[in-house]
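Just so you know, these numbers come straight off a predicted model, no measurement behind them.
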Amino acid sequence: MPAFPEWYYNLRQIHLDFHTPDFVTVGEQFDAVEFFDTLEAAGVNSIAVFALCHHGNSYFDTATGRRHPGLAFDLFGKIAVECAKRPVQLLAYFSQNVNEVQARLHPEWAAVHPDGSPVNSQLLQDGSELFWTWLCPNRGELIDEFFLPHCAEVLEKYPVDGVFVDMPGYLPNSCFCDACLAKMRAAGLDPHNHAEHGRFNAETNQQVARDLRALMDRVQPGLRLEMGPFNAFGEAEKAHGALSEFYLESLAFQTGWQYFPMAARYFRKYGLPCVGITGRFLKNWGDFGTVASPAQLKVTLGMHLLAGLSSCIGDHLPNSGKLDPALYAVIGDAFRFIEPRQPYCVGMTPRVDAAVLVPQGEEANAAVNDLNSPFSLANDAYKGACKMLIEEHYQYELVSPNDSLDPYNLLVVTNGFFGGEFVEQVRAFLERGGTLVASAHGLAPTDDAARAAWQAMLGVAACAPSADQGEFIEATDTRARSEDLPAFPHYLHVPAMDAAFAPEVEPLAVSWRSACVRAREHHYGHFHGPADHVAGPAVGLTRVGNGAAILIAPQLFAAYLHTGYFAHRALLRNLLASFQPDDARALRTNAPGIVELSLGEKDGRLILQAQPFIAARRDRYSFESICDDPIPLRDIWVEIPGEGCRGRAWNPVTGDPVTIDRAPGSLCVYLPEFTEHLLVVIE
């Protein structure tokens with residue numbers, strides 16, 4: 001990892017929302033000294049504070065915007081002056097494309113759907129509706145006449161350490177305003193091409209980020225800038241020169257527990273600090289009267305440590321302006337939990353052995369669920385692959401087609417959004433002994449030339465979506481079987497794929513289909529019919545050079561994300577155990593799948609982390625929650641190949657030694673009993 005600014009390695013930040021409508025009184029109980037005393041007592045050393053909120057209200061004395069009508073004083077100014085006396089960094093928060101005041105003043109600035117209607121509603125994955133009107137940076141003078149001058153006011157008047165910009169994006173299926181359409185056509189882009197429109201939207205807001213950075217550098221060079229227009233796969237490398245760091249917002253009630261580990265393992269590769277942002281709420285931002293349990297906060301912040309990232313917890317200040325001491329006691333416990341761990345974990349260089357190819361141009365932040373996206377199942381597939389790899393203790397990263405494959409021994413390809421150069425990269429990867437798992441859409445690239453070369457290399461004669469709503473997969477080769485995989489056809493609750501392999505491909509499993517495509521006029525029983533006939537190959541093996549390509553035609557990974565069906569994971573585990581070289585793993589272990597393991601290096605030491613993810617029972621209307629009861633895990637070992645010369649291991653939090661065995665080719669670490677995030681340092 002590159003050297004980052006010193007503040008990053010022990011960052012414990014609060015992201016303090018303050019979105020208050022006109023009809024409330026603001027700040028009546030605010031006391032600047034009490035405010036920062038509460039923060040410092042909780043171990044906070046950085047805070048993002050509201051200057052301009054989604055309602056369009058400003059919280060300082062402004063000439064370019066409108067101070068909140070229920071605010072009687074310069075609230076942001078009082079915060080900035082007191083913060084300058086404290087060992088706490090201050091980021092000024094601005095809402096870019098969501099601003100109700102400006103939407104009322106300038107309805108012509110609204111982003112629009114293809115039918116010309118304004119974008120004024122957002123549905124989150126949990127069903128919550130947000131009533132914001134989204135504005136378009138290409139319409140009118142939103143950016144040059146309002147947003148940038150408004151930011152400049154704060155930067156010139158107050159002592160701040162940086163800027164946080166929220167809502168620098170578009171919702172799915174927008175924007176189709178005249179300005180956007182004209183710019184796209186002038187650039188030779190098709191507004192109705194999902195990928196081209198996505199790239200155009202990203203570039204629009206990336207230019208705002210560059211313009212803001214130029215403004216910040218004129219006022220005070222070196223300020224931090226957290227902003228999200230580069231948070232899409234394939235866009236991260238463009239952030240240099242604009243952002244100071246990536247922020248990865250992941251609230252379990254919006255994105256699920258799966259999102260953060262994936263995003264972190266993508267963005268951390270691109271040479272900027274990464275900050276993990278979670279929330280203290282039960283369901284959504286601004287869910288007043290709720291707080292995540294101490295166990296849940298520790299697991300969330302532990303996920304940041306596992307990925308080598310620093311941490312931020314999101315809060316929402318009540319309109320009174322008074323922080324709740326009881327709430328910050330919970331937050332303080334979480335920050336005190338990670339504080340002694342951060343020096344060892346944050347900024348570590350990860351050991352990696354596996355890579356998952358991600359669709360380019362898709363928003364990495366999954367808070368908006370676009371089921372109409374043509375990438376929808378491909379998104380589900382790579383997420384399912386990452387879930388399997390976590391549970392099988394692979395040390396994985398997410399990669400783009402132009403990333404080097406040299407660090408990896410295993411590559412998973414579940415989508416076909418790549419060209420001929422990537423095909424040649426994979427050929428070289430296989431020639432040197434790598435293992436490829438290609439599945440479903442990953443067997444049929446969308447580029448014609450790439451598809452021909454890819455399928456010729458792998459022995460795939462055809463692969464396309466089927467008319468069948470689902471299919472069954474049965475392991476027919478001993479190398480795909482195991483005692484814990486019942487020997488019968490197992491169903492996948494996703495649309496089927498029709499595939500044909502060349503004769504030289506070794507068959508390992510077959511696809512079974514039901515007797516009918518289920519419809520009102522033609523159905524079988526309660527759900528779907530039983531396995532009725534073999535439709536063709538499901539899994540095959542082909543050799544390229546010293547490597548092995550495992551071809552899985554069904555949508556195994558998307559099915560696993562949807563259902564967590566044990567047979568899908570067992571099948572993949574069996575295949576990898578049979579065809580991966582023994583020395584291909586960064587670590588080997590007897591840990592169960594509920595334990596996530598992370599291995600990295602920092603300051604010449606090995607950093608081994610283990611964290612259990614034990615979920616409580618839930619109802620259909622509640623999100624997956626962390627079990628708050630401590631459940632001890634014991635008798636777990638982790639073997640690290642090639643590290644037999646290291647002679648000492650200990651837990652730096654407790655100071656206790658950790659038992660190890662050294663052998664000529666490896667080191668075995670015997671983890672002490674643990675119930676929560678465990679850190680072992682080896683030197």
L306/R265 under side-chain contact (heavy atoms from CB on, under 4.5 Å): CA gap, chis, key distance, verdict: CA-CA 10 Å; L306 287 164; R265 285 157 178 79; 4.2 Å; yes
Residues F246, N231; criterion side-chain contact (heavy atoms from CB on, under 4.5 Å); working and verdict: CA-CA 8 Å; F246 294 115; N231 279 23; 3.9 Å; yes
Derivation and outcome, side-chain hydrogen bond (donor to acceptor under 3.5 Å, both in side chains), residues S514 and H528: CA-CA 7 Å; S514 182; H528 52 258; over 6 Å; no
Stepwise side-chain contact (heavy atoms from CB on, under 4.5 Å) check, L251 with W285: CA-CA 9 Å; L251 282 62; W285 289 98; 3.3 Å; yes
Audit row: Y394, N409, side-chain contact (heavy atoms from CB on, under 4.5 Å) steps and yes/no: CA-CA 11 Å; Y394 280 86; N409 297 312; over 6 Å; no
Candidate pair F260 and H304, rule ring pair (Phe, Tyr, Trp, His ring centres under 6.0 Å), full reasoning: CA-CA 8 Å; F260 176 79; H304 300 167; 4.7 Å; yes
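Smallest separation of non-hydrogen atoms from D447 and F418: CB-O, 3.8 Å. What you find for A610 and L597 is that their closest heavy atoms are CB-CD2, 3.5 Å. Closest non-hydrogen pair, A236 versus Y266, comes out as CB-CE2, 4.0 Å. Summarising the geometry of N415 relative to V358, their closest heavy-atom pair is ND2-C, 3.7 Å, with the distance given to 0.1 Å. The minimum heavy-atom distance linking A548 with R543 is given by the pair CB-NH1, 3.6 Å. Nearest heavy atoms, F281 versus G314: CE1-O, 3.8 Å.
Residue N402 holds its CG atom at 7.0 Å from CD of Q360, rounded to the nearest 0.5 Å. Between the CZ atom of R427 and the CG atom of L458 there is a distance of 9.0 Å, given to the nearest 0.5 Å. Interatomic distance, CG of L587 versus OG of S598, reported as 9.0 Å (0.5 Å rounding). With rounding to the nearest 0.5 angstrom, the OG atom of S511 is 13.0 Å from the CD1 atom of I552. Put simply, SG on C345 and CG on L301 are 12.0 Å apart, with the number rounded to the nearest 0.5 Å. N284 CG to H316 NE2: the interatomic distance, rounded to the nearest 0.5 Å, is 10.5 Å.
Of the listed residues (L430, L436, V426), just one forms a side chain to side chain contact (heavy atoms under 4.5 Å, CB included) with L405, and that residue is V426. Considering R351, K269, R268 in turn, R268 is the only one that fulfils the salt bridge (Lys or Arg N to Asp or Glu O under 4.0 Å) rule with E397. Applying the side chain to side chain contact (heavy atoms under 4.5 Å, CB included) test between Y565 and each of H562, R569, H568 identifies H568 as the sole match.
Looking at P261 and Y396, their side chains come closer than 4.5 Å, going by heavy atoms from C-beta outward. F233 is listed as a side-chain neighbour of Y382, based on a closest heavy-atom distance under 4.5 Å. Side-chain contact between P168 and P229 is present, with heavy atoms from C-beta onward closer than 4.5 Å. Using a 4.5 Å heavy-atom threshold, the side chains of L608 and L671 count as touching. Two residues are said to be in side-chain contact when any heavy atoms from C-beta on lie closer than 4.5 Å; H441 and F417 fail this criterion. Using a 4.5 Å cut-off on side-chain heavy atoms (C-beta onward), L556 and M388 make contact. At a threshold of 4.5 Å between non-hydrogen side-chain atoms, the residues H677 and K298 do not count as touching. Inter-residue side-chain proximity for Q611 and F613 is flagged as unmet; no heavy-atom pair is nearer than 4.5 Å.
The number of heavy-atom neighbours closer than 6.0 Å to CG of D115, taken from other residues, nucleotides and ligands shown, is above 12. More than 12 heavy-atom neighbours from other residues, nucleotides or ligands sit within 6.0 angstrom of CD on E237. The environment of CZ in F527 is sparse: at most 12 heavy-atom neighbours from other residues, nucleotides or ligands sit within 6.0 Å.
Side chains of W132 and Q122: no donor on one and acceptor on the other come within 3.5 Å. Between the side chains of S625 and Q296, no donor-acceptor pair is found at a separation under 3.5 Å.
A donor-acceptor pair is defined here as one N or O able to donate and one able to accept, closer than 3.5 Å; no such pair exists between the side chain of N201 and the backbone of G198. Using a distance-only test at 3.5 Å, with no hydrogens or angles considered, no donor-acceptor pair links the side chain of H490 to the main chain of F566. A donor-acceptor pair under 3.5 Å is formed between the side chain of R481 and the backbone N or O of T476. At distances below 3.5 Å, not a single donor-acceptor pair connects side-chain atoms of S439 with backbone N or O atoms of A553. Without hydrogens or angle criteria, H523 side chain to G529 main chain gives no donor-acceptor distance under 3.5 Å. Listed for the T563 side chain is a donor-acceptor partner under 3.5 Å among the backbone atoms of A559. Looking only at distances, a side-chain donor or acceptor of Q609 sits under 3.5 Å from a matching main-chain atom of L305. Listed for the Q455 side chain is a donor-acceptor partner under 3.5 Å among the backbone atoms of L443. E596 contributes no side-chain N or O that, together with a main-chain N or O of I390, makes up a donor-acceptor pair within less than 3.5 Å. Checking side-chain atoms of N97 against main-chain N and O of G169 turns up a donor-acceptor pair under 3.5 Å.
For R513, the salt bridge (charged side-chain N to carboxylate O under 4.0 Å, His left out) partners at least two apart in sequence or on another chain are D468, E471, D498. Legend: residues meeting salt bridge (charged side-chain N to carboxylate O under 4.0 Å, His left out) with D484, ordered by chain and number and at least two apart, are R573.
Note that R518 lies outside the cation-pi zone of Y524, set by a 6.0 Å cut-off to the ring centre and a 45° limit from the axis. A cation-pi contact, defined as under 6.0 Å to the ring centre and within 45° of the axis, is absent between R479 and F579.
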